[in-house]
Amino acid sequence: QEQLIESGGGLVQAGDSLTLSCAAFGRKFAGYAMGWFRQAPGKDRDVVAAMGGNGISTFYTDSVKGRFTISRDDARNTLSLQMNSLKPEDTAVYYCAASRTVGVPTTPREYDFWGQGTQVTVSS
């Protein structure tokens, strides 16, 4: 049974940093595209950052460019999201996901495996 388990969320102030981690179990996700999504109350689940299976190609949504960095460690089967200069509008539940799709998928329906999510709350 594949599992993706996120950790590292919490309550922080605007301008602070957080690092989210995603640990994968039950399957080696080397070669899979991996992504971080977020969903605020009443809004759709949207991509924040994604990385192709080659570990090189990346995508960032415009609002986080220059502030967030996605990385993966295939030896440890983990995915991370370094978030700097956090803003109140970054408040959401953040999800880790894995995809068999080639390239850098950016829509939820392209992802095959999902974690349960971790809450990030940024106060002003």
Between [X] (side chain) and [Y] (backbone), is there a donor-acceptor pair under 3.5 Å?
X: Glu6; Y: Gly117; result: yes
X: Asp44; Y: Asp46; result: no
X: Ser99; Y: Glu110; result: yes
X: Arg27; Y: Glu2; result: no
X: Tyr111; Y: Cys96; result: no
X: Arg72; Y: Gly52; result: yes

What is the minimum heavy-atom distance between [X] and [Y], and which atoms define it?
X: Gln119; Y: Ala92; result: NE2-O, 3.4 Å
X: Trp114; Y: Pro108; result: CZ2-O, 3.5 Å
X: Leu4; Y: Ala24; result: CD2-CB, 3.5 Å
X: Asn77; Y: Phe29; result: OD1-N, 3.0 Å
X: Gly35; Y: Leu79; result: O-CD2, 3.8 Å

With the 4.5 Å side-chain cut-off for hydrophobic clustering, are [X] and [Y] part of the same group?
X: Val12; Y: Val48; result: yes
X: Val104; Y: Phe68; result: no
X: Tyr94; Y: Met51; result: yes
X: Val47; Y: Leu86; result: no
X: Leu18; Y: Phe37; result: no

More than 12 heavy atoms of other groups within 6.0 Å of Lys43 NZ: no

Should the heavy atoms of other residues, nucleotides or ligands under 6.0 Å from CD of Gln116 be counted, would the total exceed 12? no

From [atom1] ([X]) to [atom2] ([Y]), nearest 0.5 Å:
X: Asp74; Y: Tyr32; atom1: CG; atom2: OH; result: 12.0 Å
X: Ser63; Y: Asp90; atom1: OG; atom2: CG; result: 6.5 Å
X: Leu11; Y: Thr121; atom1: CG; atom2: OG1; result: 6.0 Å
X: Ile5; Y: Thr118; atom1: CD1; atom2: OG1; result: 12.0 Å
X: Leu81; Y: Thr19; atom1: CG; atom2: OG1; result: 8.0 Å
X: Ser124; Y: Gln13; atom1: OG; atom2: CD; result: 9.0 Å

With a 4.5 Å heavy-atom cut-off, do Met83 and Trp36 have their side chains touching? no

Are side-chain heavy atoms of Tyr95 and Arg38 found at a separation under 4.5 Å? no

Assess whether a salt bridge exists between Lys65 and Asp62, defined as any Lys/Arg side-chain N lying under 4.0 Å from an Asp/Glu carboxylate O. yes

Distance-only donor-acceptor check, side chains Ser80 and Gln82, under 3.5 Å: no

